[in-house]
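The structure under discussion appears below in the form of structure tokens.
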Amino acid sequence: MNVIFDMDGLMFDTERVFIEAWDYAGEKIGIGKAGYMVYKTLGMNITESMKIWREEFGDRCNQEELRKYTKEFLNHFYEVNNVPVKPGLYQLLEYLKKINSKMAVASSSPRWEVESHLKDAGIREYFSGIVCGDMIEKSKPAPDIYLRACELLKAEPGECYALEDSKSGLLSAYRAGCKPIMVPDLWQPDEEILKIIVGKYDDLEQVKVAFEGGNHILIM
């Protein structure tokens, strides 16, 4: 079995940390709490996210200052907290390792952040390939990141399950030809997404149970 994992909102509860970080940064740069921008940029890399920020705030948002204060908040947060792991992650990884699955990460976050979180959670060794937002030209929902992950796994897209929580990520996986499975975090699927996913589960423990039973069907 080949399984490709998104990171933020799927393996780690980091989207909620970013809400706090952007609330903090927004107030620092004078645009007010901006944590809601997480919902508008789910699954996107930094470049695409900043386009949305420009549309929302125009010249009122100094992007260098935004990045500065966001990083300031995150650095402080992770000095005193481990990366928040989603329920069922360790159990799913152990099961997939036990059955000799090949696993990769396809995250829109920059590589330094992905590597840091995987190391912090003690799970880097499970993944034979990592593709990050700063390693590809086109961000999710373009298929590029999943096509590259499949290449690293030496597998055809149709042979790969893609675990995602965001619309951009699920569209990216589907357009690459992978089999998208949704584990919702901050966003619930709309009709477009319900038509393309092969499964929807409450958490990664449910995904493990489904894989164990060969029952990769939609659970509403």
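Side-chain atoms of Ile123 and Leu118, non-hydrogen and from C-beta on, do get closer than 4.5 Å to each other. Side chains of Asp8 and Leu42 form no contact here, defined as non-hydrogen atoms less than 4.5 Å apart. Residues His117 and Met11 fail the side-chain proximity criterion, which asks for heavy atoms closer than 4.5 Å. Residues Leu92 and Phe211 form a side-chain contact, since some pair of their non-hydrogen atoms from C-beta on lies under 4.5 Å apart. Looking at Ile31 and Trp22, their side chains never come closer than 4.5 Å, going by heavy atoms from C-beta outward. You'll find the side chain of Thr47 stays beyond 4.5 Å of the side chain of Ser139, heavy atoms only.
Remark: Arg124 pairs with Glu115 by the side chain to side chain donor-acceptor pair (under 3.5 Å) rule, at least two apart or across chains. Judged as a ring-ring contact (aromatic ring centres under 6.0 Å, His included), and not counting sequence neighbours, Tyr69 has no contacts.
In this structure, the ring of Phe127 has its center less than 6.0 angstrom from the ring center of Phe5.
Here the CZ-CG distance, from Arg67 to Leu74, works out to 13.5 Å after rounding to the nearest 0.5 Å.
Salt-bridge formation is not detected for the pair Lys208/Glu94: no Lys NZ or Arg NE/NH1/NH2 atom is positioned less than 4.0 Å from an Asp or Glu carboxylate oxygen. Of the charged side-chain nitrogens involved, none lies within less than 4.0 Å of a carboxylate oxygen, so that Lys40 and Glu55 do not count as a salt-bridged pair.
Using modelled atom types, no side-chain atom of Glu113 and backbone atom of Pro110 make a donor-acceptor pair closer than 3.5 Å. With hydrogens and angles ignored, the 3.5 Å screen pairs no side-chain donor or acceptor of Ser107 with any backbone N or O of Asp6.
Screening residues 174-197 for ring pair (Phe, Tyr, Trp, His ring centres under 6.0 Å) gives no qualifying pairs among residues at least two apart or on separate chains.
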